[in-house]
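Below: one structure, written as structure tokens.
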Amino acid sequence: MAEKLKVATCSLAGCFGCHMSLLDIDERLLDLLEVVEFDRSPINDIKHISQPVDLGLIEGGVCNAENVHVLHEFRKMCKILVAVGECGITGGLPSMRNSFTLKECLEEAFVRGVGTENAHIPDDPEIPLLLDKVRPLHHIVKIDYFLPGCPPSADALWYFLTELMAGNDPSLPQELIHFD
Amino acid sequence: MTSSFFLDGKEIPFKEGQTVLQAAMGAGQYIPHLCWRPELEPHSSCRLCIVIISGKPFSSCTQPAMEGQKVECNTPKLNAMRRAVTQLLFVEGNHYCPSCEESGNCKLQATAYHVGMQDSHFPHQFPIRERDSSHPRVNLDRDRCIRCETCVRASRELDGKNVFAIHGRGIKSRLAVNSPTSLLKDSGISPDDMAVKLCPTGALTVKRVGFEWPIGQRIYDKESLATIELREYANQEAVHG
Ligand code: SF4
Ligand code: SF4
Ligand code: FES
């Protein structure tokens with residue numbers, strides 16, 4: 001049997017909707033599992049990429065220091081890196097906070113927020129430091145392909161993966177391009 | 001005698017005084033455009049309608065059609081330029097399509113689909129722009145404004161008002177509202193104004209009708225931008241000649 005394509009996936013500042021869409025390819029998942037093998041992914045809960053892989057799929061933009069580290073790990077370990085979904089491509093809805101300063105956002109959530117008691121901004125060292133702005137992935141590392149959509153439809157994901165595996169140009173036809 | 005020119009090798013008839021874009025649309029050949037509207041004076045600012053004539057770039061919305069002219073339009077190089085121009089329009093504003101009530105009905109977004117835009121390519125600028133929600137029926141979200149001046153022209157030329165203008169220059173230019181307070185609520189705008197209807201983005205929207213159509217039933221869910229624009233142009237031609 002031909003060697004399986006090694007794939008890693010993760011969600012940074014995303015909502016897991018793109019991963020849901022991947023699961024939404026339904027029974028085609030069984031065909032997919034014949035030809036791909038998952039390394040680090042929320043699907044199997046592996047926490048770090050164990051070896052260089054062929055394909056990395058990243059959902060979500062970059063909002064904190066930990067996201068930056070994970071993104072660099074993916075870039076280092078993945079031959080082909082794909083930004084999946086609006087948040088990875090544009091920053092998406094999390095980047096709506098870019099219209100405000102970080103201080104304004106934190107105070108709104110933790111100090112002035114309705115029903116807050118003992119109001120203070122959380123400062124536990126375990127909590128990753130927030131970046132001043134939410135960034136799309138291509139601001140930080142080179143991204144090889146982009147799969148737009150919020151989330152990209154199961155059909156768009158399927159088209160992309162099958163075309164890529166067949167060695168074809170996986171650019172989406174017009175009817176599969178959506179920004180919502 | 002009708003005259004004709006050649007668009008990517010295809011013969012296109014035209015009437016005296018028509019632009020390359022008008023003649024092409026009339027002949028069923030879509031050329032991407034955002035700032036041009038058949039009912040308004042051309043503005044020639046978005047550069048999407050770019051064509052090459054005798055080796056030089058022209059905006060086809062202002063370029064008069066000329067006998068025997070050879071026009072390049074749908075070429076890989078020009079399409080890549082159109083894609084880059086569209087990407088620039090996105091990164092210099094703040095476009096959150098997934099939460100925008102115009103999504104699916106937005107000409108800017110549909111143009112991005114048409115030019116095959118799958119990424120932003122350029123760094124996002126995340127500019128800070130002021131929103132104007134002061135009016136009870138009309139909303140102005142400058143994050144989504146591409147400063148195409150469609151509303152400026154439509155307000156003057158079609159609505160007989162003068163509600164909008166552009167102030168500032170270059171990347172700092174913004175849509176301004178012509179009212180004593182600079183707010184929409186004190187302007188003469190009405191939700192039925194062509195200025196609001198013709199805005200190609202979600203920058204000017206009518207309140208309380210957003211998300212009226214579910215995904216799958218919005219304008220560009222069902223048909224492509226090119227198909228719709230060509231049909232509307234043909235209908236308009238049939239009425240106004
Ligand atoms: S105006 Fe159009 S392109 Fe901009 S966010 Fe709304 S739907 Fe997207
Ligand atoms: S509000 Fe709309 S019509 Fe007016 S300049 Fe902005 S994008 Fe163009
Ligand atoms: S349509 Fe010609 S420049 Fe905008």
Side-chain angles (χ1 to χ4, degrees), chain A residues 14-15 17-18 21 58 60-63 81-102 104 131-140 142-153 156 159-160 169-180, chain B residues 30 32 76 79-80 83 86-87 89-106 108-131 141-144 201-202 211 213-216 218 220-227:
Chain A
C15 70
C18 295
S21 202
I58 302 192
V62 177
C63 77
L81 197 57
V82 187
V84 182
E86 285 304 299
C87 300
I89 297 172
T90 71
L93 299 195
S95 68
M96 283 180 128
R97 83 152 151 94
N98 293 354
S99 304
F100 306 93
T101 64
L102 189 52
E104 284 170 325
L131 306 185
D132 65 333
K133 295 220 186 296
V134 178
R135 307 262 169 207
L137 304 177
H138 74 281
H139 280 207
I140 295 166
K142 181 181 186 302
I143 300 293
D144 303 301
Y145 293 103
F146 299 82
L147 259 179
C150 186
S153 66
Y159 181 92
F160 175 82
D169 171 13
S171 301
L172 299 180
Q174 195 185 329
E175 59 278 12
L176 285 180
I177 302 180
H178 281 285
F179 296 170
D180 61 6
Chain B
Y30 176 71
N79 288 335
R83 190 156 54 240
T86 311
Q87 286 165 326
L89 289 174
F90 273 80
V91 301
E92 67 176 37
N94 293 306
H95 294 272
Y96 306 106
C97 293
S99 66
C100 178
E101 63 269 46
E102 197 70 3
S103 195
N105 300 321
C106 171
L108 173 62
Q109 186 189 61
T111 300
Y113 299 167
H114 179 87
V115 299
M117 173 177 152
Q118 289 191 217
D119 69 319
S120 328
H121 184 80
F122 301 103
H124 283 256
Q125 299 189 345
F126 299 119
I128 306 288
R129 295 184 182 173
E130 271 173 48
R131 208 160 293 156
D141 187 337
R142 292 189 177 86
D143 276 348
R144 305 166 181 164
T201 72
F211 308 109
W213 297 318
I215 291 181
R218 303 165 306 177
Y220 304 112
D221 288 337
K222 295 182 286 191
E223 282 179 303
S224 75
L225 174 67
T227 309

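Protein chains get the first letters and strands the later ones, always in sequence-line order, with residue 1 at the start of each.
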Sequence neighbours excluded - side-chain hydrogen bond (donor to acceptor under 3.5 Å, both in side chains) pairs with any residue from residues 119-130 of chain B: B/Q87-B/D119, B/S120-B/H124

Chain A interface, residue from B/S224, B/P123, B/G104 that has the most non-hydrogen pairs under 4.5 Å: B/P123

Region of B/F122 in contact with chain A, defined by heavy-atom distances below 4.5 Å: backbone

Which portion of B/R131 sits near chain A, non-hydrogen atoms under 4.5 angstrom: neither

Minimal non-hydrogen separation, B/I128 against A/N98, with atom names: CD1-O, 3.9 Å

Considering all heavy atoms, the nearest A/D180-B/P98 contact: CB-CA, 4.0 Å

Expected output: side-chain B/Y96 to main-chain A/G91 donor-acceptor under 3.5 Å: no

B/F211 CZ: over 12 foreign heavy atoms closer than 6.0 Å: yes

Side-chain touch B/Q118/A/L172, heavy atoms, less than 4.5 angstrom: yes

Min side-chain heavy-atom separation A/H178-B/Y113 under 4.5 Å: yes

Aromatic ring pairing A/H139/B/F126, orientation class (parallel under 30°, perpendicular over 60°, tilted between): tilted

Value rounded to 0.5 Å, distance of CG in B/D143 from CE in A/M96: 8.0 Å

